[in-house]
Amino acid sequence: MNDREAREAADEQESRVKAQDRESREQTPTPSEKSLTRKEREAVAEHTNLSSLTVYSIILREGENELKRPKSSLWWSGVAAGLGISTSVLVEGIIRANLGSDHPYLTLIASLGYSFGFVLVILCRLQLFTENTITVVLPVLAQPTRNRFYCSARLWAIVLGANVCGTFITAAIAVYGGILPADTLAAILEMSRHLATLTPAEALLRGIPSGFFIAAIVWMLPSAKRSEVLVIVMFTWLIAAGDFTHVIAGSNEIFTLVLSGEMSVFNALIYHISPVLIGNIIGGTGLFAMLAYAQVHEEM
């Protein structure tokens, strides 16, 4: 047995001991549980929150499954996510058009519309790039092999390209399709112009909290217990109300300006979409994924 195999065997034995220790603690009743019936103890177990290691394991398994999916599956799921996430811009535009720009609580109310696309995409299990800043990163952190880096890069490239393709299609339909009322399209253009006023540095910095919040949603969903919609709405509303930036939803707004002739494709990609992309990656992978892995690393 070489040194590498010996280390792997030692790590496996250490993990087995830690698992046995946790199992022993779970099976040992607390002083109050000793006076409970078997059914009551089962009720206690059912109402116990998932541990951080359990949540990590759930997301790790999802990430490993995603890395093995065929390219065509990732692509079409990503296109569907790009189409679906554009619902956020549409609903927010509809609310703004109906409330009017002089409504005192316009931003707080209209920001609820921003949640619609995220609820659609996440509950439909579509491939959204910002979810994958944590989901497919955890397998790489667990086993940082060359193949896993390649698979993660491949997935990121396919999903990002597909998401952007989907948002471009919906922006084209909004501008040229003639299916939106004039006041709704005007509200969407007004929102898009506001986003375009951000400098690249502002767009990047405001993208960091968004990436963190989306990664946090992914982490919370296994523990949500039939409150998934509420969790998604709360934190995506916060992204919109806080005027933070999300690369996929925001690309729909930026492409609306491009297709209406108010911005060039070069400026859209370099000065608006790319900075937000970097910010979302920093927030989702650089902060949340690393912290999520760090808190369970010693328990495995």
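Put simply, CD1 on Ile188 and OG on Ser192 are 7.0 Å apart, with the number rounded to the nearest 0.5 Å. Here the CG atom belonging to Leu198 is positioned 6.5 Å from the CG atom belonging to Asp243, to the nearest 0.5 angstrom.
Partners of Phe255 by ring-ring contact (aromatic ring centres under 6.0 Å, His included), not counting sequence neighbours, listed by chain and number: Phe168. For Thr285, there are no side chain to side chain donor-acceptor pair (under 3.5 Å) partners two or more places apart in sequence or in a different chain.
A side-chain donor-acceptor contact under 3.5 Å links Asn252 and Ser86. Thr245 and Ser210 share no side-chain donor-acceptor pair at under 3.5 Å. Residues Glu66 and Asn132 have side chains that never bring a donor and an acceptor to within less than 3.5 angstrom of each other.
A 4.5 Å side-chain heavy-atom check between Glu62 and Asn65 finds every atom pair outside the cut-off. At least one side-chain heavy atom of Ile248 sits under 4.5 Å from a side-chain heavy atom of Leu160. For the pair Phe129/Leu155, no side-chain contact is recorded, criterion being any heavy-atom separation below 4.5 Å from C-beta on. Contact check for Thr87 versus Val119: no side-chain heavy atoms found under the 4.5 Å cut-off.
A salt bridge links Glu92 with Arg96: at least one charged nitrogen is closer than 4.0 Å to a carboxylate oxygen.
Other residues, nucleotides and ligands place more than 12 heavy atoms under 6.0 Å from the CD atom of Glu262.
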Q. Taking it one step at a time, do Glu64 and Arg69 satisfy salt bridge (charged side-chain N to carboxylate O under 4.0 Å, His left out)?
A. CA-CA 9 Å; Glu64 290 178 338; Arg69 293 187 68 185; over 6 Å; no
(Q) What verdict does the salt bridge (charged side-chain N to carboxylate O under 4.0 Å, His left out) test give for Arg125 and Glu131, after you've listed the backbone C-alpha separation in whole Å, the side-chain angles of each residue and the deciding distance to 0.1 Å? (A) CA-CA 10 Å; Arg125 307 295 295 170; Glu131 282 188 88; 5.4 Å; no
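Members clustered with Phe149: Val140, by chain and number, using a 4.5 Å side-chain heavy-atom cutoff among hydrophobic residues.
At a threshold of 4.5 Å between side-chain heavy atoms, the hydrophobic network of Ile, Leu, Val, Met, Phe, Trp and Tyr places Leu106 and Val89 in one connected group.
Listed by first and then second residue, the ring-ring contact (aromatic ring centres under 6.0 Å, His included) pairs that reach into residues 194-216 are Phe212-Phe288, sequence neighbours excluded. Residue pairs meeting the ring-ring contact (aromatic ring centres under 6.0 Å, His included) criterion with at least one partner in residues 220-247, sequence neighbours excluded, are Phe118-His246. Every pair tested for side chain to side chain donor-acceptor pair (under 3.5 Å) that includes a residue from residues 149-166 fails, sequence neighbours excluded, so the list is empty.
The minimum heavy-atom distance between Ala292 and Trp219, with the atom names listed, is CB-CZ3, 3.5 Å. Considering every non-hydrogen atom in both Ile95 and Ala110, the closest pair reads CG2-CA, 3.7 Å. Closest heavy-atom contact between Asp102 and Leu99: OD1-O, 4.2 Å. Between Ala203 and Val276, the shortest heavy-atom contact is CB-CG2, 3.7 Å.
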